[in-house]
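Only one structure is covered here, and it is reproduced in the block below.
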There are 2 protein chains.
Amino acid sequence: MSAIAAALGVSAATVSNALSGKGRVSPELIEKVRAKASELGYVPSLTARALRTGRTGVLGLVLPDIANPLFPQIAQAIENAASNAGYGVLIANSRGDIAAQTEAIGRLLERGVDGMVIVPRRGTRIADVGCPVAVIDTPSTPGNTVSADHWEGGSQMGRHLAELGHRKVLLIGTSASSNVQNDRVGGLKAGLGAQVECDTMWIEKVEAVSGEGCPLGLADKARAGFTAFAAVSDLSALRALTELQRAGIGVPETVSVTGFDDLIWSAVVTPALTTVRMDMATIADLAIAALIRAIEPEGEAENGAEEVSTGNVISETDRVPMQLIIRQSTAAPYAGRTPNLHASTPNTPTAGEITS
Amino acid sequence: MSAIAAALGVSAATVSNALSGKGRVSPELIEKVRAKASELGYVPSLTARALRTGRTGVLGLVLPDIANPLFPQIAQAIENAASNAGYGVLIANSRGDIAAQTEAIGRLLERGVDGMVIVPRRGTRIADVGCPVAVIDTPSTPGNTVSADHWEGGSQMGRHLAELGHRKVLLIGTSASSNVQNDRVGGLKAGLGAQVECDTMWIEKVEAVSGEGCPLGLADKARAGFTAFAAVSDLSALRALTELQRAGIGVPETVSVTGFDDLIWSAVVTPALTTVRMDMATIADLAIAALIRAIEPEGEAENGAEEVSTGNVISETDRVPMQLIIRQSTAAPYAGRTPNLHASTPNTPTAGEITS
DNA sequence: ATGCTCTGATTAAACGTTTAAGCACGAATA
DNA sequence: TATTCGTGCTTAAACGTTTAATCAGAGCAT
């Protein structure tokens, strides 16, 4: 920057003003400065700027169990939204335990992030950490900034299943302590309506008894009359799907299987999974926007309130709708009441056809 | 820091020296400074330090298609290794195209990262970017810093299959232009040995003809005598597994299916997938170590070479072994020559057993 | 006693910005 | 004609460190 100033015979301050458009600089000079800057290949030192202004232009992203297959989607969406807004993204993982989570938050704070988005480990509440925080969890948890409307997504899926004619469905979740899973289950039940019988299986509980990775006994359930298995995540859906297939139970001819999140493999397995997808892009946009609103000084806020708020930030809309994606893993139940049984599943050839 | 200096009646420089142990400070004073520092809850300003020293303590991580399900593993391992070494990790995604990749690199550079680890989009070569770079690709590509020994992993898997008695196996990859997939295929062929017949199917090619997500026609292949389907990634393996199951072909009783990478679902599907896992933790450690070696001034390098190198950095070992994980999706072929056919698959009950 | 070296500390500059305050000058106002 | 004002720029301080250079004093050999 001083090089530009020297080359043009002006002061460094003027160059700064010219480039930022803040002070009073003549239009012609601004042009000359711009020209010289790009001629010299000037890139501002974000470090120096950070030191002076106290803002680093970096946001932290803390994720719970990083092994979560949803992570790529989230990270990508956040990174995208942040970099569109001119911010960088520093990652930190709070693998599992709460101690690691607070430690990760501490590390981000030390690096001077201007704010952070946290998708909390299930059940944890984020205390005031000393910088603006956007929490992505589920609308029903207090302190949530923005998230997918998991309840409504479940309800869409429930209606889909009910409309197909299912009257006895098994809901499958992993952990009963997860807010988002509970919301999804709640929505599912609501969408299915009062006239359909449903039961909920929490995988964590059956694994506590029978060991990790144990069979879920889904074939028995099918024999007991369940015609649909609505998992609350695609991973569980995949588990259900393969277990049923292995047992020789046709999906979707005999029973239907559904998931949540539209993970990478959902479209690729046979039969392709019917699922519901969250709109991570707009969730990320909203979260970042809320964060930035808290970070950057409000133009009109003349009086007081100069401090950036240091707690959880809020968004104008805290829930964004999910999208039902109907693929091949759902159909009317084998003994369904719908008359056009086969017509409703044109894309699902029988085993014989698929191998021909 | 000046607060500490004032409280103790010494100069700020002395405090700095005391805390860093660099200058000449009396032991007692060092103690007092330490005490005062923690009493006052002093945290150094990394920004100011960065401005002064020119090093930010931040590493960049640029990932190819961020939707890659391997991403969580990589990100977690890198973040872990970096933060153990006292560095932060800034992420950037080069979704697909090369332009985005160079743009992402540029953004990281602007933020003043001290170095970056790049897992390149398949086929791209990383030019000198102006800071130390660790490339994680595959040992056979030039410029690679460190990576899993994909070839050797393939060879392990090949031997496993050959030992089980398979004599005709189908290799399944997605893209023929991927270096790591080619290495895996090469290793597979070598491990299978000369006496087993094998064919390679590139999914990208069949999808170019039949459309994305089309059936792969694997049942036909099974009927044509292939007894094992060795995919070069777990995603393809999953696709193969479900397609075969759907067609009523038993895995592993009739044919075996294997994958690569031990992704999240591999252990959870039925039958659990036999696969080979890469040791991302030590890969990340090596990459970060190599990077840091290039970044931090060598203690003994008195003369010249003060500049940090600005190109691809090298590691003492460029390949780390993969680990074969044998689960339930592999067994001797139905018509195999091995006499103890059933004894070799104790963990794989038949369909009838699993549903009892 | 004088000069030398070693020790423990201080001073001051520097990193590259931003920004409040000041200054000179010409135009508009009284 | 004297005062005020707006414009276009400069000066200087500040952000919080690090580090080279300097310095005062003590111990020690000459």
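Naming: A, B, ... by sequence-line order, numbering from 1 per chain. Values below: every heavy atom of this structure, side chains too, minus hydrogens, waters and symmetry copies. Note that the structure is a prediction, hence the values are computed from the model and not measured.
With sequence neighbours excluded, no residue forms a salt bridge (charged side-chain N to carboxylate O under 4.0 Å, His left out) with Glu110(B). The salt bridge (charged side-chain N to carboxylate O under 4.0 Å, His left out) test applied to Arg55(A) returns no partner, not counting sequence neighbours. Taking the salt bridge (charged side-chain N to carboxylate O under 4.0 Å, His left out) definition, one finds that Arg107(B) meets it with Glu79(A), Glu103(B), sequence neighbours left out. For the side-chain hydrogen bond (donor to acceptor under 3.5 Å, both in side chains) test, no residue two or more places apart in sequence or in another chain qualifies with Asn17(A). Under the side-chain hydrogen bond (donor to acceptor under 3.5 Å, both in side chains) criterion, Thr145(B) pairs with no residue at all, not counting sequence neighbours. When the side-chain hydrogen bond (donor to acceptor under 3.5 Å, both in side chains) test is applied to Thr53(A), no partner is found at least two apart in sequence or on another chain. Checked against salt bridge (charged side-chain N to carboxylate O under 4.0 Å, His left out), Asp261(A) has the following partners two or more places apart in sequence or in another chain: Arg184(A).
Separating the CD1 atom of Ile4(B) from the P atom of dT17(D) is a distance of 8 Å, rounded to the nearest angstrom. The CG-P distance, from Leu8(B) to dT10(C), rounds to 10 Å in whole Å. Between Asn17(A) atom CG and dT19(C) atom P the separation is 9 Å, expressed in whole Å. Atom CZ of Arg55(A) and atom P of dT17(C) are 17 Å apart (whole Å). Taking atom CE on Met1(A) and atom P on dG16(C), their separation rounds to 11 Å, with Å as the unit.
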Structure string for DNA chain C in dot-bracket form, Watson-Crick and G-U at under 3.5 Å, | interchain: ||||||||||||||||||||||||||||||
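Using a 4.0 Å cutoff on non-hydrogen atoms, the parts of residues 18-35 of chain A near DNA chain C are Lys22(A), Arg24(A), ordered by number. In the region residues 36-50 of chain A, proximity to DNA chain C at under 4.0 angstrom, judged on heavy atoms, holds for Tyr42(A), Val43(A), Pro44(A), Ser45(A), Ala48(A), Arg49(A).
Judged by distance alone, with hydrogens and angles left aside, the side-chain atoms of Asp137(B) form no donor-acceptor pair with the main-chain N or O of Asn144(B) at under 3.5 Å. Proximity of a side-chain donor or acceptor of Asp285(B) to a complementary backbone N or O of Ala81(B) within less than 3.5 Å is not detected. No donor-acceptor pair under 3.5 Å is formed between the side chain of Asp149(B) and the backbone N or O of Arg319(B). For the pair Asp114(A) (side chain) and Thr56(A) (backbone), a donor-acceptor distance under 3.5 Å is present.
Contact annotation for Gly112(B): no contact, since no heavy-atom pair falls under 4.0 Å across all strands.
Under a cut-off of 6.0 angstrom, the local environment of CG in Leu8(B) is crowded, with over 12 non-hydrogen atoms contributed by other residues, nucleotides or ligands.
The salt bridge (charged side-chain N to carboxylate O under 4.0 Å, His left out) contacts involving residues 38-49 of chain B comprise Lys36(B)-Glu39(B), where partners must be two or more places apart or lie in separate chains.
Ranking dC15(C), dA12(D), dT10(C) by closeness to the Thr14(B) side chain, first place goes to dT10(C).
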Nucleotide N/O of nucleotides 24-29 of chain C paired with protein N/O under 3.5 Å:
none

